[in-house]
Amino acid sequence: KQEVTQIPAALSVPEGENLVLNCSFTDSAIYNLQWFRQDPGKGLTSLLLIQSSQREQTSGRLNASLDKSSGRSTLYIAASQPGDSATYLCAVNNMRFGAGTRLTVKP
Amino acid sequence: DAGVIQSPRHEVTEMGQEVTLRCKPISGHDYLFWYRQTMMRGLELLIYFNNNVPIDDSGMPEDRFSAKMPNASFSTLKIQPSEPRDSAVYFCASSLILTDFYGYTFGSGTRLTVV
């Protein structure tokens with residue numbers, strides 16, 4: 001069974017810092033990995049999706065990478081802003097989710 | 001399109017009662033997913049449908065849970081009888097195809113509390 005782990009569970013940074021969120025998975029036989037954002041009391045918002053044949057995807061200040069051989073993905077956020085404060089989840093094949101990293105960006 | 005619509009937003013019920021959660025997917029989406037989110041277990045896939053047919057229900061915790069999709073615009077998740085450990089936020093999502101990023105949309109969720 002696919003297991004998805006996210007480290008750290010929580011992260012607090014000052015505004016303007018660049019940061020990296022980590023996601024690891026146990027079964028490399030995946031067809032996609034997706035990063036979501038969840039605001040308190042809300043549903044999930046898709047941020048980036050990486051197909052299994054891709055190595056990375058970029059959208060604005062966000063960059064997600066995928067290394068299937070090592071079972072890892074990272075989400076890089078550049079020049080963080082207070083509005084980036086949320087919980088970030090990764091999901092493998094839209095089926096298995098990590099527990100999330102709760103990000104707080106302090107003004 | 002108004003997105004994926006779930007009702008009710010909040011539900012409080014007594015242990016032993018039947019609970020029905022509802023979901024209206026985005027029109028034209030062929031896939032519908034039900035998830036449960038708790039602090040302890042995170043977000044778990046319960047079941048998903050393709051063209052109204054259940055494809056994978058391996059995440060349904062036990063026989064007290066059942067899900068139906070009588071037509072392309074409506075799905076229900078029923079818990080009978082409910083127990084306090086069923087308290088969670090239940091999300092519905094829909095997508096055009098299974099691996100379609102742009103069409104993968106979550107509803108706002110139903111917060112269920114069983115007392």
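Residue numbers start from 1 in every chain, and the chains themselves are labelled A, B, ... in the order their sequence lines are given, proteins ahead of strands.
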Derivation of the side-chain hydrogen bond (donor to acceptor under 3.5 Å, both in side chains) call for A/Thr58 and A/Asn63: CA-CA 4 Å; A/Thr58 298; A/Asn63 175 275; 2.7 Å; yes
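Side-chain atoms of A/Lys68 and A/Ile30, non-hydrogen and from C-beta on, do get closer than 4.5 Å to each other. Residues A/Arg102 and A/Leu11 form no side-chain contact, since every pair of their non-hydrogen atoms from C-beta on lies 4.5 Å or further apart.
Counting only residues at least two apart or on different chains, the salt bridge (Lys or Arg N to Asp or Glu O under 4.0 Å) pairs with a member in residues 31-54 of chain A are A/Arg37-A/Asp39.
With sequence neighbours left out, the salt bridge (charged side-chain N to carboxylate O under 4.0 Å, His left out) criterion links B/Asp30 to no other residue. With sequence neighbours left out, the ring-ring contact (aromatic ring centres under 6.0 Å, His included) criterion links B/Phe106 to A/Phe36, B/Tyr35, B/Tyr104.
When heavy atoms are compared at a cutoff of 4.5 Å, B/Arg41 does not approach chain A at all. Only the side chain of B/Gln37 comes within less than 4.5 Å of a heavy atom of chain A; its backbone N, CA, C and O stay farther away.
Residues of residues 54-78 of chain B placed with any heavy atom under 4.5 Å of a heavy atom in chain A are absent; none qualify.
A donor-acceptor contact closer than 3.5 angstrom is absent between the side chains of A/Ser46 and A/Trp35.
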